[in-house]
Protein chains: 2
Amino acid sequence: MMPKLPEDLPECMVFLLGKAYQKAHANFKKQLKPYGLTNMQHLVLEGLWYQEGMTAAELGKLLIMDKATVSGILERMVETGWIVKKPDPDDGRIQRLYPSEKAGQLQERLVGERKKANQQILKKFSIEEQLLFKRLLRDLI
Amino acid sequence: MMPKLPEDLPECMVFLLGKAYQKAHANFKKQLKPYGLTNMQHLVLEGLWYQEGMTAAELGKLLIMDKATVSGILERMVETGWIVKKPDPDDGRIQRLYPSEKAGQLQERLVGERKKANQQILKKFSIEEQLLFKRLLRDLI
DNA sequence: GATTTACAGTTCGTATACAAAGGATATAAA
DNA sequence: TTTATATCCTTTGTATACGAACTGTAAATC
C-alpha cells in the first residue's frame, strides 16, 4: 500500500504511473523468473511471434523501445538462445530476427503467463473501469 | 501515438503502464534537464522538503524505492551538491539527509516544474477522468 | 560515377532498478 | 555480558533506458 507522501506528490501522475508500473513489472518479473526471461525479453518474443523476421529497428518501433536498448536486449537473447539473427541478403545493414526453437516450444506457456499477469492487475476493477483504464493509458502513449 | 501491436498485447496492462510511464518520464526529464537534475533526484528533493533529516531507509520507504537504488542516487546528489549527509549522534548506522542551500533556492521553481509536468498529462482528460485515473493507479500501488 | 544524405546497428557513458551479499552497529535474548 | 538477531547502508552484478557518437551500407542527388 501507499505510504504517507509529501504535499500533493501522491497526486502527481508521473509518480503514480511510475509506481504502478514498478509494481506490475515486479509481479510479472517473478512470474518469468523460472523461465530465465526478463520482462523486456518476453516482450521481444511476443513481438517476433507476431511477426518474425523483423529488423531491430522495426521491433523497436513496434515495442516503443530505444534502438540502443533493443541492441543490448537482442544481444543477450542471442547469447541465451532465445532468438536468432540472420543477415538480410538484400540489405547489408540489416539483421532479421527470429524466435528460436526453444522459444517456440514455450510460446503458449509464456503468452499464458502474460495474460495471467494482466488478469491479476485487472481483477481489482470492474469491467467498465478496466476499459476506461486502458483507454486513459493509451491516450498517454 | 501507438503503432500496431501483436495480438492482444495492446490490452496488456504491464505494457500500457510501462509505456505510459516511459512517456511521462521522458517529458519530465526534458523539463528537468536545465537544472541538471534527474527525475528520481527531483523526487528525493521533494521528499526531503517534505521532511528533512530523514534517513535513507525512511526516504526509500516513503518514495517506494529500493535501498540499493536510493544509495546510488544519494551518492550522486551529494557529489553534485543537492543534498548533505550528516551522521546521527545517537545511531552510528544512520546518516540524516538534508537538502542543500542550492536546492532550497530552487525549491519553488522545481516544485513548479513537477506541477507543470503533471498538468500536461492531466489536461487531456476531463475532471472526472482525472480523478478516476488517479484512483485506479493508486489501487495498483 | 562521385558526393551527400539517410538509415541500421553498435558502442560508450550515465542513471536507474533490484537481488544478493557484506560490513558496521544497535538491540534483544540467553 | 556474551551471543544472536535485526537494521542501516554499501557494494557487486545484471538488466534496462537513452543520449550521443561512430561504423557501415543504401539511396538520392548532382
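Chain naming here is simple, since letters A, B, ... match the order of the sequence lines and numbering starts at 1 in each. Basis for what follows: all heavy atoms, side chains included, without hydrogens, waters or symmetry-related copies.
Checking the phosphate oxygens (OP1, OP2) of dT10(C), a side-chain nitrogen or oxygen of Ser71(A) falls inside 4.0 Å. Between Lys85(B) and dT10(D), a side-chain N or O to OP1/OP2 separation shorter than 4.0 Å is present.
If you take CD on Glu108(B) and CH2 on Trp49(B), they are separated by 10.0 Å, rounding to the nearest 0.5 Å. In this structure, CG on Leu140(B) lies 10.0 Å from CG on Leu16(A), to the nearest 0.5 angstrom. The line from CG of Leu137(A) to CZ of Phe15(B) is 11.5 Å long, rounded to the nearest 0.5 Å. Atom CG in Leu74(B) sits 6.0 Å away from atom CG in Leu59(B) (nearest 0.5 Å). Taken from CE in Met65(A) to CD in Gln22(B), the straight-line distance is 8.5 Å, to the nearest 0.5 Å. Taking CD of Gln95(B) as the start and OG1 of Thr55(B) as the end, the distance is 10.5 Å to the nearest 0.5 Å.
Between the P atom of dA15(D) and the NE2 atom of His42(A) lies a distance of 17 Å, rounded to the nearest Å. Look at CZ on Phe28(B): it is 17 Å from P on dA15(C), rounded to the nearest Å. Counting to the nearest Å, the P atom of dA15(D) and the CD atom of Glu75(A) are 10 Å from each other. Put simply, CG on Leu59(B) is 16 Å from C1' on dT10(D), counting in whole angstrom units. Put simply, CG on Asn27(A) is 17 Å from P on dA17(C), counting in whole angstrom units. When the C1' atom of dA15(C) is taken as reference, atom CG of Leu43(B) falls 14 Å away, rounded to whole Å. Protein atom NZ of Lys61(A) is 13 Å distant from nucleotide atom C1' of dG9(C), rounded to whole Å. Rounded to an integer number of Å, the gap from Ile94(A) CD1 to dT10(C) P is 12 Å.
The residue Gln41(A) sits close only to the backbone: its heavy atoms come under 4.0 Å of sugar-phosphate atoms, none of a base. Residue Thr38(B) is in sugar-phosphate contact alone, with no base atom involved, counting any heavy-atom pair closer than 4.0 Å across all strands shown.
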Are there any protein N/O atoms within less than 3.5 Å of an N/O atom in nucleotides 23-25 of chain D, and if so, which ones and at what distance?
none

I'd like a list of close polar pairs between nucleotides 17-20 of chain D and the protein, N/O only, cut-off under 3.5 Å.
unit_1  : atom_1 : unit_2   : atom_2 : d
dC18(D) : OP1    : Gln22(B) : NE2    : 3.3
dC18(D) : OP2    : Gln22(B) : NE2    : 3.1

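Closest approach of Val70(B) and Gly60(B) over heavy atoms only: CG2-CA, 3.9 Å.
In terms of modelled atom types and a separation under 3.5 Å, the side chain of Gln130(A) and the main chain of Phe125(A) share a donor-acceptor contact. For Lys23(A) (side chain) and Ile141(B) (main-chain N/O), a donor-acceptor pair under 3.5 Å exists by modelled atom type. Using modelled atom types, one side-chain atom of Lys19(B) and one backbone atom of Ile64(A) make a donor-acceptor pair closer than 3.5 Å.
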Start with the C-alpha distance between Glu113(A) and Lys116(A), add both sets of side-chain angles, then the distance that settles salt bridge (Lys or Arg N to Asp or Glu O under 4.0 Å), and finish with yes or no. CA-CA 5 Å; Glu113(A) 294 290 353; Lys116(A) 193 172 121 199; 3.8 Å; yes
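Heavy-atom nearest nucleotides on DNA chain C were determined for Asn39(B) and for Ala57(A), and the one closer to the 5' end corresponds to Ala57(A). Of the two residues near DNA chain D, Thr55(B) and Arg76(A), the one whose nearest nucleotide lies more 5' is Thr55(B).
Ring to ring, His42(A) and Phe28(A) are close: their centroids are under 6.0 angstrom apart.
For DNA chain C, none of the residues of residues 96-104 of chain B falls under the heavy-atom distance limit of 4.0 Å.
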